[in-house]
Amino acid sequence: MKKVQFYVMADNHYFSKKLWVNGPPIEGRSHTDQVLLKESPEINEAFFKLIENDTETDTVVIIGDLINCGERLCHDEFTDRLRRLQEKGKRVLVLTATHDYNGCGEDENEFVATGYGEKDTYRVQCTKRCELDEIYRPFGRDNADSRYEMSYSINVDGYRFILLNDDGNGHTDCGLDDKGNEWLENELIKAKQNGEPVLLFTHHPVITPYPVYEAVAPTEMYGRHPILKEMLMKHDAKVVFTGHTHMHTIRKITDGNKELFDIGSTSVVSAYGKIRKVTLENGFADITTVDLPEKIDGIPGGSKQIADSCFGGYYRRLIDTALEDYDAFIKLGHGLIPADKAKKYRLVIKPALKVFSSVNMSFAGKIGKKFSGLQNAECKEHKNEKLIDVIFVIVDRLFQGDAPYTPDTYEHKVIRGALLKGDKIMKTLGISLSKYVNGIDSLWTLAEPFVHNTRTGCDREIKIKITDEVTYEKD
Ligand SMILES: [Fe+2]
Ligand SMILES: [Fe+2]
């Protein structure tokens with residue numbers, strides 16, 4: 001077998017420039033979302049160019065939420081770009097997901113194909129779920145060896161790529177039904193017989209990125225994922241690539257003998273757009289991260305400007321603005337905080353934000369001292385570090401991966417101490433967290449993976465042995 005390289009893109013959320021003009025409607029939508037809708041054509045294009053110019057890599061797998069919310073025009077423009085990639089010799093394999101259609105009846109999802117005018121939003125031509133097969137068949141399914149509904153299995157230079165469609169409506173389980181699982185198991189058995197190492201792709205997470213995610217949003221997981229996990233481990237499939245959460249994470253489960261990895265990729269157009277590059281060689285899958293290029297055509301400040309305008313950047317700016325210029329805060333908060341409420345509660349919001357912004361990590365450290373073991377002298381050293389800055393670092397890392405504070409850091413000790421104290425108080429008051437968050441009974445257990453990486457230790461890259469029994473050709 002020869003060396004094979006491919007890219008994985010998740011959650012492109014492409015939105016046509018023809019569907020918005022500057023004004024409060026698009027601003028209100030953009031502010032409250034980590035998806036950068038307005039800049040999505042430029043960001044997608046920057047990545048497509050990067051893929052196009054990589055002469056070593058001829059395959060790209062795109063795993064759903066291709067566009068904003070089912071707008072037909074967005075599909076037209078997006079598929080035009082995919083066709084141009086194909087013309088440049090790239091193999092393009094696509095899955096669709098919930099954002100790619102506008103449901104009705106059984107398929108009801110909550111998305112409405114919308115344009116954004118100067119003052120109001122308006123309806124635009126939408127896409128039904130049943131139309132997606134025809135639109136995206138040229139990107140994978142036409143050349144597949146086997147299909148089950150919109151899922152398909154395809155040989156990529158000796159490897160077996162299996163793409164599982166799970167474009168559920170967000171209210172109920174998605175993923176394969178019983179017949180689909182029979183099809184999948186058959187594909188896994190055939191692949192083993194033919195000596196084809198297997199890689200899987202689907203939209204929703206198969207292994208939860210954070211325990212709290214599955215506890216509060218079970219239908220945002222791949223439907224019936226316990227069945228899938230068991231089947232993949234039984235047939236020695238090691239890796240599944242997923243998206244949907246917009247969180248860049250690598251997680252692992254093991255039954256003590258076999259391991260399964262879920263490689264989650266952040267959205268191409270989220271706060272810090274990233275894609276995955278994978279090299280298959282000598283029995284290993286070497287999985288890395290490719291960041292958004294610094295220079296982006298059409299965006300003068302490039303990736304830096306994108307990072308500043310992102311979700312975390314916006315909330316940070318909002319708080320700072322509230323303290324400096326409350327009227328500007330009301331304007332900036334459009335779409336998030338109704339102007340009448342912001343005006344009415346001015347005397348509560350502004351002082352509350354002022355107090356919150358002024359809490360330093362020295363003070364925070366003293367709260368849970370008994371549980372963290374921190375000494376006063378160590379706490380004092382952090383009097384110039386603000387709690388709010390620590391919180392925003394954690395929020396930023398939530399999407400780009402690799403939670404920031406390892407157990408040896410002061411910040412980790414402070415948060416752990418404070419939350420263990422919180423656990424003790426809740427126990428004394430007889431409050432059970434698991435009543436609200438299924439299966440989690442401690443604030444610290446809930447928060448720990450957000451503070452430091454308790455998954456595989458690194459969300460950016462990993463090298464996984466996927467097969468023992470392959471003879472590789474030298475280049
Ligand atoms: Fe998405
Ligand atoms: Fe999604």
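Counting convention: from 1, in listed order, for ligands and their atoms alike. A quick note: this is a predicted structure, and the numbers were derived from the prediction, not measured.
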Residue pair D166 / H204, side-chain donor-acceptor N/O under 3.5 Å: yes
Residues which pass ring pair (Phe, Tyr, Trp, His ring centres under 6.0 Å) with H203, listed by chain and number, not counting sequence neighbours: H244
Partners meeting side chain to side chain contact (heavy atoms under 4.5 Å, CB included) with A191 (sequence neighbours left out): R160, E196, V198
Shortest-distance N/O/S atom, H203 versus the Fe ion (ligand 2): NE2
Exercise: do E448 and H452 side chains pair donor with acceptor under 3.5 Å: yes
Given V156, V92, V278, the one that forms side chain to side chain contact (heavy atoms under 4.5 Å, CB included) with T59: V156
Those residues that, when tested against Y7, pass ring pair (Phe, Tyr, Trp, His ring centres under 6.0 Å) (two or more places apart): none
Every N, O or S from the protein that is nearer than 2.8 Å to the Fe ion (ligand 1): D11 OD2, H13 NE2, D65 OD2, H246 NE2
